[in-house]
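Everything on this sheet refers to the single structure shown next.
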Amino acid sequence: MEERLMARLESAVARLEALSLRGGSVAGSGGDDASATDPSIVAFEDFMGAYFGRVSSAGEKIGGQVLEVTKILEQALNMQKELLIKIKQAQKPDLAGLAEFLKPLNEVIMKANSMTEGRRSDFFNHLKAAADSSTALAWIAYTGKDCGMSMPIAHVEESWQMAEFYNNKILVEYKSKDPNHVEWAKALKELYLPGLRDYVKSHYPLGPVWSATAKAKAAAPSAPAPPPPPPASLFTSESSSPSSSKPKVGMAAVFQEISSGKPVTSGLRKVTDNMKTKNRADRTGVVGASEKESRTSSPSFSKAGPPKLELQMGRKWVVENQIGRKNLVIDDCDAKQSVYIFGCKDSVLQVQGKVNNITIDKCTKMGVVFTDVVAACEIVNCSGVEVQCQGSAPTISVDNTGGCQLYLSKGSLGASITTAKSSEINVLVPGAEPDGDLVEHALPQQFIHMFKDGQFETTPVSHSGG
């Protein structure tokens, strides 16, 4: 707390010194000075002083590539501050103008991404945590609910979720080795949660506010002259899907270029029914349901929002608000991608391939069949879900869930299963015979805590049918 207070005081002193050098008055200054002293810009400086100082201090103690990527992250934050100042001085541009406007920030983020490429270094987890988390700064690209990306606050949180896997690895690896690395990882998380998230929540919950009175310097040409067409390399999708499957355009394409390390022509791919060629009922296993039902009945729409099944940023598959869909399939995935399933009901999803992480959140009567996960399969805030692992999964966590059936293959019997605030959890494993039936095991949901020898001993409650 004292370090953050000192950082904020130093930031305030620096601003006062800058004002004194300009004459001590803001009233007569130009647009740049007025925008720089805007409350939201001042708050951004306070945010950096309160949170980034810890990251920078720990990075200097570590040195090497960690310090290098920390400095790149500082460049990205400073660039965001410059863009926020410019936004207050310019009218909202068109899509092509906005892509050009965000190009400096994109270039800095790509510098961080480039450090993770090539031969893996000893500090790969640090580089990935910094590079993946830097995509949170792309919240500035949000232009409305139809722009193809989450709202600013949600975008910051989702971007950190991608980086947290590598950040946690740092905490585990250096827990008893080097406190500087632990401090760097903790400070990096606080930079985004709560730092950047709270800043965006306080000043830009609905996205940046462009000037309504400024002259259109970087904005689109005014009528009657038509605006130039956007570059095809930025706004086109690599897939030639039918007209019924529209590729992502607008800010979704801009966000793709900002956050993806791949060529910008990869675009955002939306998976529609006519693209799911590997939908076979015989692959659904014990979780599956009749294919006939999904073909004859049209799916309902959730009141929470439109259904989604799409790849965002080239890194994250999002499956949202699917109701009554028994034939959902993700077959074009790789080990660097994650799958996030939210708000689905009475549906079945097959993930055909290895992915990094699978999260099932707030789903009811949902079935998920997956092959392999690199990190973990997480089940949170669900009811009546069935999950089947056909390959391997090092970790399965169940949190605040009632009614969960886990089906494990022989390759996943070594999985670590963590449960919290959950009930009715049953795990089915292969029997002793090759063609034998699955054997069901109920995980304890009640425990006895006894105080013995100066500490509590916890044992599960065992129930007998006798």
Side-chain angles (χ1 to χ4, degrees), residues 1-4 7 47-48 50-74 76-77 109 112-113 115-116 120-137 155-198 315-316 335-340 355-359 361 373-380 392-400 414-421:
M1 182 64 69
E2 293 181 358
E3 293 180 359
R4 293 183 183 178
F47 146 71
M48 283 195 62
Y51 291 98
F52 184 76
R54 286 182 56 201
V55 183
S56 178
S57 177
E60 290 177 355
K61 294 178 182 178
I62 299 171
Q65 288 184 316
V66 177
L67 178 58
E68 184 179 351
V69 78
T70 302
K71 290 182 177 179
I72 293 177
L73 185 57
E74 184 178 15
L77 289 166
I109 294 176
N113 284 328
M115 294 189 65
T116 65
R120 180 171 295 198
S121 72
D122 295 336
F123 303 109
F124 177 78
N125 292 328
H126 299 72
L127 304 181
K128 283 293 292 182
D132 288 358
S133 64
S134 66
T135 61
L137 301 178
H155 172 73
V156 172
E157 294 175 342
E158 292 169 0
S159 297
W160 174 252
Q161 288 177 4
M162 296 196 311
E164 190 165 26
F165 172 73
Y166 299 98
N167 205 61
N168 287 340
K169 280 190 169 185
I170 301 171
L171 295 174
V172 173
E173 181 180 357
Y174 291 94
K175 181 178 180 180
S176 57
K177 291 171 56 177
D178 192 335
N180 293 327
H181 292 264
V182 175
E183 171 66 12
W184 187 88
K186 290 182 177 180
L188 183 67
K189 179 175 182 178
E190 292 184 6
L191 176 68
Y192 296 99
L193 304 179
L196 182 61
R197 179 193 62 192
D198 289 355
R315 305 290 297 275
K316 181 178 181 180
K336 295 182 179 180
Q337 296 172 348
S338 62
V339 179
Y340 182 67
V355 293
N356 181 54
N357 184 75
I358 297 177
T359 301
D361 188 6
V373 293
V374 177
C377 174
E378 302 171 284
I379 306 166
V380 188
S392 62
T395 302
I396 299 175
S397 64
V398 186
D399 188 11
N400 196 28
S416 172
I417 302 176
T418 304
T419 63
K421 296 189 295 183

Next item on the list: Kindly compute the distance separating CG (Leu137) from NE2 (His155), expressed to the nearest 0.5 Å.
Entry: 8.0 Å

Checklist line | Nearest heavy-atom neighbours spanning Ser133 and Leu188 | finding: OG-CD1, 4.3 Å

Margin query: Between Ser56 and Gly53 (side chain of the first, backbone of the second, donor and acceptor by atom type, cut-off under 3.5 Å), is there such a pair?
Written below: no

Margin query: Would you say that Gln337 contacts Lys316 through its side chain, given a criterion of any heavy-atom pair below 4.5 Å between the two side chains?
Written below: no

Checklist line | Atom of Ala393, atom of Ala415 and distance for their closest heavy-atom approach | finding: O-CB, 2.9 Å

Note to self: Within the 4.5 Å heavy-atom criterion, are Phe165 and Ser338 side-chain neighbours or not?
What the structure shows: no

Notebook entry, point to check: Between CD of Gln65 and CD1 of Ile72, what distance do you get to the nearest 0.5 Å?
Noted result: 10.0 Å

Notebook entry, point to check: In chain order, what residues pass the side-chain contact (heavy atoms from CB on, under 4.5 Å) check against Ala136, with sequence neighbours excluded?
Noted result: Val156, Ser159, Tyr192, Leu196

Item checked: Residue pair His181 / Glu173, side-chain heavy-atom distance below 4.5 Å -> no

Next item on the list: List the atom of Met115, the atom of Leu127, and the distance in Å for their closest heavy-atom pair.
Entry: O-CD1, 3.3 Å

Note to self: According to salt bridge (Lys or Arg N to Asp or Glu O under 4.0 Å), who are the partners of Glu164, at least two apart in sequence or on a separate chain?
What the structure shows: Lys189

Check: Among all residues two or more places apart in sequence or in another chain, which pass the side-chain contact (heavy atoms from CB on, under 4.5 Å) test with Val374?
Finding: Ala335, Lys354, Asn356

Check: Just how far is it from atom OG of Ser397 to atom CD1 of Ile379, taken to the nearest 0.5 Å?
Finding: 7.5 Å

Next item on the list: Would you please classify the geometry between the Phe123 ring and the His126 ring as parallel, tilted or perpendicular, with 30° and 60° separating the classes?
Entry: perpendicular

Notebook entry, point to check: Do any N or O atoms from the side chain of Asn167 and from the backbone of Ala185 form a donor-acceptor pair under 3.5 angstrom?
Noted result: yes

Margin query: Using every non-hydrogen atom in the two residues, find where Phe52 and Leu77 come nearest and quote the distance to one decimal.
Written below: CD1-CD1, 3.6 Å

Margin query: My understanding is that only residues two or more places apart in sequence, or in another chain, count here; which of them pass salt bridge (Lys or Arg N to Asp or Glu O under 4.0 Å) with Glu157?
Written below: Arg197

Notebook entry, point to check: Leu73 versus Leu191: any side-chain heavy-atom pair under 4.5 Å?
Noted result: yes

Item checked: Nearest heavy-atom neighbours spanning Leu67 and Gly59 -> CB-O, 3.5 Å

Notebook entry, point to check: Hey, what do you get for OG1 (Thr116) to CZ (Phe124), rounding to the nearest 0.5 Å?
Noted result: 6.0 Å

Next item on the list: Over all heavy atoms of both residues, which pair between Val373 and Pro394 is shortest? Give the atoms and the distance, please.
Entry: O-CD, 3.3 Å

Notebook entry, point to check: With distance as the sole criterion, is a donor-acceptor pair present between the side chains of Ser134 and Asp132 under 3.5 Å?
Noted result: no

Check: Residues in side-chain contact (heavy atoms from CB on, under 4.5 Å) with Lys61, at least two apart?
Finding: Ser57, Asn180

Note to self: Restricting to ring pair (Phe, Tyr, Trp, His ring centres under 6.0 Å), what partner residues turn up for Tyr340, sequence neighbours left out?
What the structure shows: none

Item checked: pair Ile417-Thr419: side-chain heavy atoms closer than 4.5 Å -> yes

Item checked: Point-to-point distance, once rounded to the nearest 0.5 Å, from OG1 of Thr135 to CG of Asn113 -> 8.0 Å

